[in-house]
Visitor: 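Take this structure first; my questions come after.
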Amino acid sequence: MRYSKLLIPTLKEDPAEAEVISHKLMVRAGMIRKVAAGIYTYLPLGWRTVRKVAEIIRQEMDGAGAQEIMMPAVQPADLWIQSGRWDFYGKELLRFKDRHDNEFCIAPTAEEVITDLAKREVKSYRQLPMNLYQIQTKFRDEIRPRFGLMRGREFIMKDAYSFHKDVKSAEEEYWNMYETYKRIFTRCGLDFRAVEADTGNIGGSFSHEFMVLAETGEDFIASCDSCDYAANVEKAECRPPEPIDPSRQPREMLEEEVAELPIEEVSTPGKKTVEEVAEFLHVPLKKIVKTLIYKFTESSGDKAVAVLVRGDHEVNEIKLKKVLTEFLWHKEQELILADKETVEEVTNAPPGFAGPVGLKGPTWVATIADHAVANMSNFITGANEADTHFKNVNIRDFMVAGYFDLRKITPGDPCPKCGTGKIEIFKGIEVGHIFMLRTKYSEAMKCTFLDEDGAEKPMIMGCYGIGVSRTAAAAIEQNNDKNGIIWPAPIAPYEVIVLPLNMKNEAIKNAAQEIYEELKKAGVEVLLDNREDVSAGNKFKDADLIGFPVSVVVGEKNLKDGFVEVKRRSTGEALKVPVSEAARKTGEIIDEEKSTVGRKRPFNS
RNA sequence: CGGGGCGUAGCGCAGCCUGGUAGCGCACACGGUUCGGGACCGUGGGGUCGAAGGUUCAAAUCCUUUCGCCCCGACCA
């Protein structure tokens with residue numbers, strides 16, 4: 001392709017609206033343009049990269065036995081009502097009515113349509129297992145789209161759904177997809193980890209996320225420094241301190257054995273946060289118990305629950321939700337930190353002075369505590385009175401409905417898997433997610449088959465997503481320098497750019513043209529920067545900004561002696577090669593760039 | 001939805017406080033000189049100052065409303 005024919009509107013300056021590097025560089029390199037918040041047009045270069053990511057996904061999915069299909073983006077409400085998600089999904093689901101006043105949505109994901117398809121077309125165990133996928137535009141009306149393609153509202157996703165006659169088959173496919181995803185992201189040249197994850201809105205029984213490690217990631221990953229354990233912080237379980245002590249009886253095992261002292265009131269004027277209290281009373285955060293009042297709604301009205309965690313810990317709301325539903329039988333809706341009024345009602349004090357001693361009020365249902373609290377003694381809590389805390393509080397002083405894993409894992413915690421390693425926290429960008437759905441959708445939508453024994457059974461399902469456009473952005477987050485993008489060769493919009501530095505010099509023009517033709521013939525994806533009246537400096541800057549893995553520089557000085565320069569974007573390393581050798585050498589280098597991608601970074605190590 | 005910020009030429013911005021000719025750099029077009037790391041000279045085109053209403057002789061500027069965008073938070077297959 002000739003540069004002059006392509007729409008590549010590069011910019012010298014960062015766009016004012018962009019914050020993260022991938023967003024800035026994609027706009028500057030002329031790959032995307034914004035149409036509305038979280039909604040983008042892909043320009044020729046951006047689209048080529050997206051297509052290349054998609055092609056890698058296709059090859060690997062097809063190779064793994066999946067079949068590509070295409071489902072509608074606009075989906076009827078009644079399928080979503082059948083699955084129960086029409087009510088459950090909330091505002092993120094973009095809904096509208098057609099001219100007949102029938103309700104529709106723009107699909108954020110396609111479990112409903114695919115389950116309906118399987119229900120209609122698959123009758124027998126003989127047709128199973130089956131894995132169907134599509135690569136398609138999705139829409140999620142995110143509360144706050146941001147960071148360009150990293151969190152768009154409209155984005156391109158590969159979503160796959162598998163159907164099985166039994167759990168064993170489904171689990172086999174799950175791990176088949178797990179391995180397939182590893183190959184896909186490795187081929188894309190990404191440094192990533194597969195981590196255990198929460199199942200969120202999609203539901204189901206277990207799940208892994210594929211995380212690209214990057215500082216701009218919005219997810220936190222807990223990873224063990226000695227074993228292969230890695231999990232989303234949302235999911236990572238905290239090993240209860242020894243001894244595991246649900247009954248709270250044996251006091252003799254406490255890490256710090258001291259006699260329980262009598263409870264004592266202390267004045268703490270204006271000291272609301274744990275940090276302020278710790279500083280004011282000259283005690284470590286670990287000696288304080290935080291009391292957080294959470295509010296949720298159930299059929300009988302608003303309820304409040306008090307949650308106790310150690311001062312240096314933070315509540316993991318996903319775990320809290322789970323505890324509320326699974327152990328306390330509250331089917332909560334919209335769990336939120338309680339507002340001022342609720343706090344005052346439950347604690348009889350302004351926010352900032354809540355404590356577990358003497359909670360009351362009609363909405364208060366229970367006090368629950370994190371495991372770590374069970375092993376504390378003579379700690380500090382709020383006194384449920386303005387400007388006052390209690391010292392030497394002990395478990396004897398209040399009622400706890402139970403001890404659960406309620407906190408976020410923190411760096412230095414013991415690994416929940418091996419127990420000996422320490423947890424480290426990394427930031428990551430979620431580019432893929434695989435779920436074991438089991439029968440969540442097949443039961444709701446009556447998607448059944450006849451098994452060998454003639455019994456009608458719901459299909460066992462799995463689902464597997466990859467953010468295609470996000471993967472492209474994540475690759476940039478990981479591969480860039482001050483001059484621009486450094487594309488991993490397999491997903492670069494073009495593999496090679498040929499730079500004739502002066503188009504008015506016939507010898508340069510002809511040599512560049514020749515090398516370009518030869519590369520094209522050899523099947524290399526090559527772009528010829530044939531722009532007239534663009535200075536050498538500009539061509540270099542644009543080539544670096546866009547990030548072509550290899551450039552062939554055809555300039556006067558070298559060409560006089562019959563040479564051109566073949567340069568790698570990743571290392572800056574430049575080879576002087578004879579014109580006649582240029583195409584061959586370039587081909588070799590690009591092959592090497594493509595084949596070494598991913599190899600330098602061992603998976604999960 | 002809460003807090004903060006911003007809407008002036010395609011992009012990046014100044015002008016607004018203190019009302020009176022809409023400006024700068026880049027980009028774009030034409031002519032010329034340049035041509036290995038974002039060249040230079042000259043000429044030129046391009047703006048309902050986000051929108052609506054108000055105050056005023058006069059509004060980009062002051063007031064009100066509204067829309068959009070960005071950041072932080074809550075939220076998120």
Side-chain angles (χ1 to χ4, degrees), chain A residues 9-20 23-24 27-28 30 33-39 85 88-93 107-112 138-148 150-153 155 157-161 197-204 207-210 218-219 232 234 317-318 321 334-337 339-340 430-435 437 440-441 462-467 470 483-484 499-505 508-509 531-545 551 553-560 563-565 567 572 574:
Chain A
T10 58
L11 301 172
K12 281 189 189 174
E13 284 163 292
D14 284 338
E17 68 191 22
E19 189 71 11
V20 301
H23 188 193
K24 286 179 183 169
V27 174
R28 280 192 58 204
R33 285 294 184 265
K34 189 178 73 178
V35 176
I39 300 178
R85 288 206 295 181
F88 185 76
Y89 218 102
K91 286 188 177 166
E92 209 178 310
L93 184 65
T109 168
E111 282 81 1
E112 282 74 8
K138 298 289 185 296
F139 195 92
R140 291 183 191 173
D141 200 356
E142 297 273 357
I143 299 169
R144 183 147 92 86
R146 58 186 135 176
F147 303 154
M150 295 257 286
R151 178 168 295 270
R153 289 194 293 175
F155 57 100
M157 181 170 93
K158 186 280 308 187
D159 45 326
Y161 309 87
D198 187 67
T199 51
N201 264 9
I202 290 284
S207 127
H208 280 85
E209 285 167 334
F210 289 77
E218 295 182 86
D219 287 286
N232 194 309
E234 289 179 346
E317 294 187 5
I318 288 174
K321 281 184 188 178
E334 293 195 33
L335 178 79
I336 49 165
L337 260 178
D339 49 66
K340 189 162 166 277
E430 180 191 348
V431 290
H433 203 159
I434 58 178
F435 301 83
L437 294 175
K440 178 178 159 111
Y441 294 90
C463 89
Y464 321 92
I466 292 179
R470 185 185 277 182
N483 293 317
L499 300 174
L501 294 184
N502 182 354
M503 288 293 286
K504 298 221 167 73
N505 178 322
I508 291 178
K509 195 171 162 179
R531 289 176 296 173
E532 317 261 350
D533 299 325
V534 172
S535 72
N538 281 290
K539 292 189 176 185
F540 283 127
K541 288 287 181 188
D542 278 339
D544 287 348
L545 174 63
S551 40
V553 183
V554 188
E556 203 158 354
K557 286 179 212 155
N558 282 323
L559 193 62
K560 258 199 315 229
F563 287 95
V564 296
E565 213 175 72
K567 205 160 72 173

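Per chain, numbering begins at 1; letters A, B, ... match sequence-line order.
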Visitor: Rounding to an integer number of Å, can you tell me how far Glu19(A) CD sits from G73(B) C1'?
Guide: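 That distance rounds to 15 Å.
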
Visitor: For Glu92(A) and C75(B), give me the distance from atom CD to atom C1', rounded to whole Å.
Guide: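 One finds 8 Å between C1' of C75(B) and CD of Glu92(A), rounded.
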
Visitor: When you compare the protein's N or O atoms with those of nucleotides 2-12 of chain B, which come within less than 3.5 Å of each other, and at what distance?
Guide:
unit_1 : atom_1 : unit_2   : atom_2 : d
G12(B) : OP1    : Ala16(A) : N      : 3.0
G12(B) : O2'    : Glu13(A) : OE2    : 3.2

Visitor: Taking the P atom of each, how far is C17(B) from A59(B), in whole Å?
Guide: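 Between the two P atoms, the distance is 14 Å.
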
Visitor: Taking all non-hydrogen atoms of both residues, which atom of Ala110(A) and which atom of Tyr161(A) are closest, and how far apart?
Guide: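 Heavy atoms of Ala110(A) and Tyr161(A) come nearest at N-OH, 2.9 Å.
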
Visitor: Grab the NZ-P distance between Lys12(A) and A39(B) for me, whole Å please.
Guide: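 Between P of A39(B) and NZ of Lys12(A): 6 Å.
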
Visitor: Any N or O donor-acceptor pair under 3.5 Å from the base of G36(B) to the side chain of Asn558(A)?
Guide: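 Looking at the base of G36(B), it does pair with a donor or acceptor on the side chain of Asn558(A) (distance under 3.5 Å).
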
Visitor: With a 3.5 angstrom cut-off on both distances, give the Watson-Crick or G-U wobble partner of C6(B), or none if there isn't one.
Guide: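 Because both required distances fall under 3.5 Å, C6(B) counts as paired with G68(B).
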
Visitor: If you compare all heavy atoms of Arg151(A) against all heavy atoms of Glu218(A), which two are closest, and at what distance to 0.1 Å?
Guide: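 Where Arg151(A) meets Glu218(A) most closely, the heavy atoms are NE-OE2, 3.1 Å.
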
Visitor: When all nucleic acid strands are considered with a 4.0 Å heavy-atom cut-off, which category describes Glu218(A): base, sugar-phosphate, or nothing?
Guide: nothing

Visitor: Are His23(A) and Lys34(A) side-chain neighbours, meaning at least one heavy-atom pair lies under 4.5 Å?
Guide: no

Visitor: Which part of the nucleic acid, if any, lies within reach of Met157(A) when heavy atoms closer than 4.0 Å are counted: base, sugar-phosphate only, or nothing?
Guide: base

Visitor: Give the rounded distance in Å between these two atoms: NZ of Lys539(A) and P of A39(B).
Guide: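 After rounding, the reported distance stands at 13 Å.
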
Visitor: How far does the C1' atom of C67(B) sit from the matching atom of C41(B), given to the nearest Å?
Guide: 45 Å

Visitor: Nearest heavy-atom pair of Lys539(A) and Val534(A): which atoms, and what distance?
Guide: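 Of all heavy-atom pairs spanning Lys539(A) and Val534(A), the closest is CE-O, 3.7 Å.
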
Visitor: With the side chain of Ile143(A) defined as its heavy atoms from C-beta on, choose the nearest nucleotide among C1(B), C69(B), G36(B).
Guide: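 It is C1(B).
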
Visitor: Spell out protein contact along nucleotides 45-50 of chain B as letters: B when the base is contacted, S when just the sugar-phosphate is, - when no protein heavy atom is under 4.0 Å; keep the 5' to 3' order.
Guide: ------

Visitor: Check whether the side chain of Glu556(A) and the base of G36(B) form a donor-acceptor pair under 3.5 Å.
Guide: no

Visitor: 5'-most contact on RNA chain B: Ala18(A) or Asp544(A), nearest heavy atom basis?
Guide: Asp544(A)

Visitor: Roughly how far apart, to the nearest Å, are U61(B) and U8(B) at atom C1'?
Guide: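 The answer is 11 Å between these two C1' atoms.
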
Visitor: So which heavy atom on Lys567(A) is nearest to which on Gly572(A), and how close?
Guide: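 For Lys567(A) versus Gly572(A), the nearest heavy atoms are CG-O, 3.7 Å.
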
Visitor: With both distances kept under 3.5 Å, what pairs with G19(B), Watson-Crick or G-U wobble?
Guide: none

Visitor: Could you please name the partner base of A60(B), counting Watson-Crick and G-U wobble pairs only when both distances are under 3.5 Å?
Guide: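 The answer is none; no pair meets the criterion.
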
Visitor: I want to verify a distance call: between G36(B), C35(B), C70(B), whose nearest atom is closest to the Ala536(A) side chain?
Guide: G36(B)

Visitor: Would you measure the distance from the C1' atom in A52(B) across to the matching atom in G44(B) and give it in whole Å?
Guide: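 Pairwise C1' distance, A52(B) against G44(B), rounds to 36 Å.
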
Visitor: Give the rounded distance in Å between these two atoms: CD of Glu532(A) and P of A29(B).
Guide: 13 Å

Visitor: Ignoring backbone atoms, test whether Arg153(A) places a side-chain nitrogen or oxygen under 4.0 Å from the OP1 or OP2 oxygen of C76(B).
Guide: no

Visitor: Whole angstroms only, please: what is the CE-P distance between Met150(A) and C71(B)?
Guide: 11 Å

Visitor: Quick check on RNA chain B: between Asp533(A) and Lys158(A), whose nearest nucleotide comes earlier from the 5' end?
Guide: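 Looking at the nearest nucleotide for each, Asp533(A) comes out on the 5' side.
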
Visitor: Select base, sugar-phosphate, or nothing to describe what Phe147(A) touches, counting heavy atoms under 4.0 Å on all strands.
Guide: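 Sugar-phosphate, backbone atoms only, no base.
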
Visitor: Please determine if a side-chain N or O atom of Asn538(A) lies less than 4.0 Å away from the OP1 or OP2 oxygen of A39(B).
Guide: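 For Asn538(A), the contact criterion (side-chain N or O under 4.0 Å from OP1 or OP2 of A39(B)) is met.
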
Visitor: Separation of Lys560(A) atom NZ from C35(B) atom P, in whole Å?
Guide: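 After rounding, the reported distance stands at 12 Å.
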
Visitor: Report the distance from atom CE of Met503(A) to atom P of G36(B), rounded to the nearest whole Å.
Guide: 14 Å

Visitor: Grab the two heavy atoms, one from Ile508(A) and one from Leu501(A), that are nearest each other, plus how far apart they are.
Guide: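 Residues Ile508(A) and Leu501(A), closest heavy atoms: CG2-N, 3.9 Å.
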
Visitor: Name all residues meeting the side chain to side chain donor-acceptor pair (under 3.5 Å) criterion together with Asn505(A); count only those two or more places apart in sequence or in a different chain, and write none if there are none.
Guide: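 Partners of Asn505(A) by the side chain to side chain donor-acceptor pair (under 3.5 Å) criterion come out as none, since no residue qualifies.
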
Visitor: How would you label the contact of Asn505(A) with the nucleic acid (heavy atoms, under 4.0 Å): base, sugar-phosphate, or nothing?
Guide: nothing

Visitor: Is there a side-chain polar atom (N or O) of Ser535(A) under 4.0 Å from OP1 or OP2 of G38(B)?
Guide: no

Visitor: Nearest to the side chain of Lys541(A), heavy atoms from C-beta on, is which of G36(B), G38(B), C76(B)?
Guide: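 For the Lys541(A) side chain, the nearest candidate turns out to be G38(B).
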
Visitor: Would you say Arg153(A)'s side chain and Phe139(A)'s backbone share a donor-acceptor pair under 3.5 angstrom?
Guide: no

Visitor: Would the base of C71(B) count as contacting Arg146(A) through its side chain, where contact means a donor and an acceptor less than 3.5 Å apart?
Guide: no

Visitor: Answer yes when Arg146(A) and Glu19(A) have at least one side-chain N-carboxylate O distance shorter than 4.0 Å, and no when they do not.
Guide: no

Visitor: Please name the nucleotide paired to A74(B) by Watson-Crick or G-U wobble geometry with both distances under 3.5 Å, or report none.
Guide: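 Looking at the geometry, A74(B) pairs with no nucleotide.
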
Visitor: Assign Lys91(A) to base, sugar-phosphate, or nothing according to its heavy-atom contacts below 4.0 angstrom with the strands shown.
Guide: nothing

Visitor: Return the pairing partner of C35(B) with a 3.5 Å limit on both distances, Watson-Crick or G-U wobble; otherwise return none.
Guide: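 Result: none.
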
Visitor: Across all strands shown, which nucleotide pairs with G12(B) by Watson-Crick or G-U wobble geometry, both distances under 3.5 Å?
Guide: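 Partner of G12(B): C24(B).
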
Visitor: With a non-hydrogen cut-off below 4.0 angstrom, is Glu209(A) in contact with a base, only sugar-phosphate, or nothing?
Guide: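 Here Glu209(A) touches no strand at all.
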
